Amino acid sequence: MFALSSSIASLVLVMALAEKPALVSSQPEQPYGAISLPSRSLLTNIDGSFNHEKAILFNAATTIKYHRNLKNLQKNNGGVLPAGMKIIDMPRARIQAREVQRQDEESLTDENDDSEWAGTIAIGNPKQKFLVDFDTGSSDLWIPSSLCSSTSCSSKSEYDANSSSTSQIETGTFSIQYGDDSSVSGPIYTDTVSVAGVNVQNQTFSAVTNLSSLFASDPVDGVFGLGFPSISNLQANPFFINAVQHHAVSAQEFSFYIATNNSELYIGGTNPEFYDGPIEYHTVDNSNGFWQVKHASISVGERIAYSDFDTIIDSGTTIMYGPPDMVKAIYDKVEGAEVFDSDEGFYSFPCDNVPEISFTWGGECFTISPDNFNLGQTSANASTCAGALAAKDLGLGNTTMLLGDSWMKNAYHVFSLDRNAVGFAKLK
Ligand SMILES: *[C@@H]1O[C@H](CO)[C@@H](O)[C@H](O)[C@H]1NC(C)=O
Ligand SMILES: *[C@@H]1O[C@H](CO)[C@@H](O)[C@H](O)[C@H]1NC(C)=O
Ligand SMILES: *[C@@H]1O[C@H](CO)[C@@H](O)[C@H](O)[C@H]1NC(C)=O
Ligand SMILES: *[C@@H]1O[C@H](CO)[C@@H](O)[C@H](O)[C@H]1NC(C)=O
Ligand SMILES: *[C@@H]1O[C@H](CO)[C@@H](O)[C@H](O)[C@H]1NC(C)=O
Ligand SMILES: *[C@@H]1O[C@H](CO)[C@@H](O)[C@H](O)[C@H]1NC(C)=O
């Protein structure tokens, strides 16, 4: 299905696309291909304590996300889930997410605290702009529609298909159900999508007319998937795969520099401003739809805590998650570590002795800085702190870890389609 639609699209588009599209000239302050991303939300309060409620909300969001990813994978895989994977129930997490979100809403707004990686994309002709979460852990593009009647849409930019001369409605409906009455759903369109000077025509996306209250306080309008087609709900090629197939980018890779402030996504190459030395590439197994790198090993200080496991690199997730047995084995090596919230899988350790956690995929060793591993004191003035690695079964298999922001801040990341690899490089 993907191969068919994309080969038709490339026949049409190969001639139409310029190598260096026009949007570049309207953003002269940015190097070609770069898009700056707003500040990243932290799970640490201003007083240095761990924002436990927000962390529970983020855990719920991650559980829902992988529930949905695996449902899409199953659907696209003839109804069968790959061995070792299972779809985790989400109702309980869903209810919690709602309650916490209400409490948290005000503080999120007051602090103008962007809770996801976001940057601006344009859709249509003339261009309509949207703030999106650039997400390597999902594969669909969706933004709100001008026909959206949900109150969650009121604060967001909305796509008006009628005012874009290049918009085309497609058959079918995009729909993500959240267990109860709530959903993210709407009609499917194709239109021209532009990101950081790279234009893709006839990109499939959904303009959603129902937007779950889960997204009401989210600062972004929608999600921009950078994963592989097998987890696409739209059963369409994501933007970057189309950009590569249509020769709209000079290099078949995009790169993330992630920091608390001044983060950057670079489409079609790497930005040497942010890294030093060689880029170490590791082959990706994309059969499950993810940027999944095998043969990782994790150390606590000098001691190897777990070897030969898989890692999924997810720019749309805040912390790191692993299967409970594996995470326990890791914290067993951390002096003074104990379970701090068993329901949510959080562990603590003495604040004056933040563990030095590092990963290797067979080459260099990349260490997580204490600031990135320590989520803050378990309560105001406590002497124990919460760790950025949580124990949670997301259904990804008993030896797969999900590495979000807390990991990604410690290396420059290159997501390469032509090498079918993720590259890690030391930060400058
Ligand atoms: C792409 O969009 C153009 C302009 O709307 C249209 O003429 C063409 O048929 C589309 N191609 C495909 C493959 O949908
Ligand atoms: C576009 O215009 C038609 C006719 O006025 C209307 O029925 C339709 O709802 C509009 N669609 C959108 C997306 O605004
Ligand atoms: C969208 O929301 C309306 C209520 O506002 C509901 O009737 C409809 O079933 C929802 N659609 C989907 C696909 O969830
Ligand atoms: C990030 O920016 C915020 C607001 O501009 C500032 O308060 C904070 O110190 C910055 N953080 C870092 C790590 O530079
Ligand atoms: C934490 O310590 C500060 C200064 O030592 C004190 O003012 C504050 O009341 C303490 N907070 C709690 C919750 O104990
Ligand atoms: C993972 O699950 C498989 C069966 O699915 C089992 O054989 C294996 O021992 C488990 N590994 C760990 C580390 O729990």
Side-chain angles (χ1 to χ4, degrees), residues 1-2 5-6 8-9 12-13 16-17 21-23 26 35 68 72 75 116 118-135 138-178 180-196 198-226 229 231-243 246 248:
M1 173 136 199
F2 309 128
S5 58
S6 64
I8 294 170
V12 177
L13 289 169
L17 286 170
L23 190 66
S26 64
I35 180 160
R68 185 181 88 209
N72 293 338
K75 185 180 76 180
E116 276 163 291
T120 308
I121 64 162
I123 305 182
N125 180 27
K127 290 182 159 72
Q128 301 177 32
K129 290 194 172 170
F130 302 91
L131 208 58
V132 293
D133 175 20
F134 287 105
D135 183 12
S138 68
S139 301
D140 292 305
L141 169 59
W142 63 261
I143 38 87
S145 160
S146 55
L147 301 175
C148 180
S149 51
S150 312
T151 50
S152 330
C153 278
S154 59
S155 60
K156 301 192 184 292
S157 297
E158 296 175 338
Y159 175 72
D160 181 356
N162 284 348
S163 42
S164 170
S165 65
T166 43
S167 176
Q168 276 181 240
I169 186 103
E170 303 291 316
T171 55
T173 305
F174 171 75
S175 178
I176 306 165
Q177 294 293 330
Y178 287 110
D180 50 14
D181 58 336
S182 131
S183 72
V184 174
S185 61
I188 302 168
Y189 292 91
T190 60
D191 204 340
T192 303
V193 174
S194 312
V195 182
V198 176
N199 300 326
V200 169
Q201 294 178 17
N202 296 22
Q203 174 63 46
T204 302
F205 63 95
S206 176
V208 304
T209 48
N210 280 16
L211 184 61
S212 162
S213 58
L214 205 58
F215 295 90
S217 64
D218 209 314
V220 299
D221 300 313
V223 175
F224 188 98
L226 287 163
I231 51 168
S232 164
N233 185 283
L234 294 169
Q235 300 188 306
N237 277 338
F239 172 90
F240 194 71
I241 291 179
N242 280 332
H246 302 161

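Whatever order the structure lists them in is the order used to number ligands and atoms, beginning at 1. This one's a predicted model, so the numbers in the text were calculated from it and none came from an experiment. Heads up: numbering here begins at 1 and tracks the sequence.
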Of all the non-hydrogen atoms in the protein, which one sits nearest to atom 11 (N) of ligand 2, and at what distance? Asn162 ND2, 3.1 Å
Numbered atoms of ligand 2 (with element) below 4.0 Å of Asp160, judged on heavy atoms: 14 (O)
Heavy-atom distance from atom 14 (O) of ligand 2 to the protein below 4.0 Å? yes
Val184 and Phe174: side chain to side chain contact (heavy atoms under 4.5 Å, CB included), yes or no, with the steps? CA-CA 8 Å; Val184 174; Phe174 171 75; 4.2 Å; yes
In terms of ring plane angle, is the pair Tyr159 and Phe205 parallel, tilted or perpendicular, where the classes change at 30° and 60°? perpendicular
Could you check whether any side-chain heavy atom of Arg68 comes within less than 4.5 Å of a side-chain heavy atom of Asn233, counting everything from C-beta outward? no
Any protein heavy atom nearer than 4.0 Å to atom 7 (O) of ligand 2: no
Any side-chain to backbone donor/acceptor pair from Asn72 onto Ser232? Under 3.5 Å, distance only. no
